[in-house]
Amino acid sequence: MRIATWNVNSLRARIDRTLAVLERWDLDVLAIQETKCRDEQFPVGAFADAGYEVAHTGLNQWNGVAIASRVGLTDVATSFPGQPGFLKPEPGGHGDQDAELPAASAPSAPLLDLEPPPEARAIGATCGGVRVWSLYVPHGRALDDPHYRYKLGWLERLRDAARGWAAEEGAQVALLGDWNVIPRDTDVYDVADFAGKTHVSPLERAAFEAFAPAGYTEVTREHVPAEHTYTYWDYQRLAFPRNKGLRIDFAWTTSTVAQRVRGVWIDREERKGKGASDHVPVVLELAD
DNA sequence: ATGTCAGCGATGCGCTGA
């Protein structure tokens with residue numbers, strides 16, 4: 001079985017490239033991030049014509065995650081248990097005190113719901129016997145931004161949920177996506193450029209590595225160990241021609257899946273030419 | 001050239017997010 005993860009950075013802007021990736025790599029499953037569309041805008045027909053079922057969650061023009069599969073797609077979950085939301089802080093305000101109160105016709109609803117709903121950053125489905133999650137970890141924006149705490153909490157809650165999924169003997173789970181963490185100094189063109197920024201902080205790196213004691217192995221590193229091997233290049237400042245990239249797309253899997261991995265490929269060619277995403281696909285070949 | 005890109009709202013660009 002061949003499975004891949006790709007932050008496509010707008011599915012509608014790159015549907016032709018997406019279909020080409022499915023065909024080029026003969027993919028059975030593709031975990032997609034940053035579809036940037038609502039469910040009703042998702043190009044279901046294009047996937048169906050190519051022989052793929054799809055599951056998607058997209059609430060607005062931001063985020064959006066999907067799984068396409070031609071080996072079955074069941075038990076879809078559009079968030080993970082405990083997945084936090086992000087409450088955009090009001091300048092000088094106190095949370096969502098101005099939010100609409102629940103209608104009086106909903107007596108069971110709490111008077112004030114202070115918990116923001118999850119964003120469209122996680123979707124899970126069982127494909128060909130593997131529990132696949134397509135994940136778009138929050139960016140964090142800046143170390144002093146509320147989004148950074150959100151990112152850390154999001155990863156911690158995901159790890160807590162993932163620990164439970166891995167607990168069953170022989171569980172086949174794959175956590176695929178854009179982790180927005182640079183785990184090692186050699187995963188970036190020049191770590192000095194990230195001093196004081198997100199993606200390299202000790203807390204982010206610890207939150208990333210915490211998936212190991214939770215029962216997971218990061219299989220892309222195992223199979224593509226070369227330093228300065230990137231999966232993302234910024235659109236700005238000619239980052240790709242200068243190879244100023246980041247390695248931030250990874251696959252944490254349970255040991256049963258990790259033992260099945262026969263190879264991993266980073267599709268660097270996909271970053272070339274007009275209309276490329278800023279991320280490239282990461283492809284995993286699993287033994288039957 | 002801070003050498004970009006996508007989506008949105010209301011345009012013929014400014015804003016947001018990355």
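Labels below follow one simple rule: chain letters A, B, ... track the order of the sequence lines, proteins then strands, and each chain is numbered from 1.
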- Message: Does this structure show an ion pair linking A:Arg221 with A:Asp187, if we count only N-O contacts that are shorter than 4.0 Å?
- Response: yes
- Query: Does a salt bridge link A:Arg24 with A:Asp267, judged by any charged N lying under 4.0 Å from a carboxylate O?
  - Reply: yes
Find the distance [X]:[atom1] to [N]:[atom2] and express it as a whole number of Å.
{"X": "A:His147", "N": "B:dA18", "atom1": "NE2", "atom2": "C1'", "result": "10 Å"}
{"X": "A:Glu119", "N": "B:dG17", "atom1": "CD", "atom2": "P", "result": "10 Å"}
{"X": "A:Arg121", "N": "B:dA18", "atom1": "CZ", "atom2": "C1'", "result": "10 Å"}
{"X": "A:Asn7", "N": "B:dA18", "atom1": "CG", "atom2": "P", "result": "11 Å"}

Between [X] and [Y], is any side-chain donor less than 3.5 angstrom from a side-chain acceptor?
{"X": "A:Thr220", "Y": "A:Glu218", "value": "yes"}
{"X": "A:Asp178", "Y": "A:Gln33", "value": "no"}
{"X": "A:Tyr232", "Y": "A:Ser277", "value": "no"}

- Item | Side chain to side chain, A:Glu270 and A:Arg17, heavy atoms closer than 4.5 Å | yes
- With a non-hydrogen cut-off below 4.0 angstrom, is A:Phe240 in contact with a base, only sugar-phosphate, or nothing? nothing
Taking the same atom, [atom1], in [N] and in [M], what whole-Å distance lies between them?
{"N": "B:dA10", "M": "B:dA6", "atom1": "P", "value": "22 Å"}
{"N": "B:dC15", "M": "B:dT11", "atom1": "P", "value": "13 Å"}
{"N": "B:dA18", "M": "B:dT2", "atom1": "C1'", "value": "15 Å"}
{"N": "B:dG12", "M": "B:dC8", "atom1": "C1'", "value": "15 Å"}
{"N": "B:dG17", "M": "B:dA1", "atom1": "P", "value": "29 Å"}

- Message: Are A:Tyr52 and A:Val132 connected into the same hydrophobic cluster when the rule is that any two of I, L, V, M, F, W, Y join if their side-chain heavy atoms are below 4.5 Å apart?
- Response: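 No, because A:Val132 and A:Tyr52 fall into different hydrophobic clusters, even though each may have its own neighbours under 4.5 Å.
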- Residue pairs, two or more places apart or on separate chains, that pass ring-ring contact (aromatic ring centres under 6.0 Å, His included) and touch residues 181-201 of chain A: A:His139-A:His199
- Task: Anything under 30° is parallel, anything over 60° is perpendicular, the rest tilted; go ahead and classify A:Trp133 against A:Trp165.
- Result: parallel
- What residues in residues 189-211 of chain A put a non-hydrogen atom under 4.0 Å from any atom of DNA chain B? none
- Under 4.0 Å protein heavy-atom contact, by nucleotide of nucleotides 1-12 of chain B - B base, S sugar-phosphate only: -BBBSSSS----
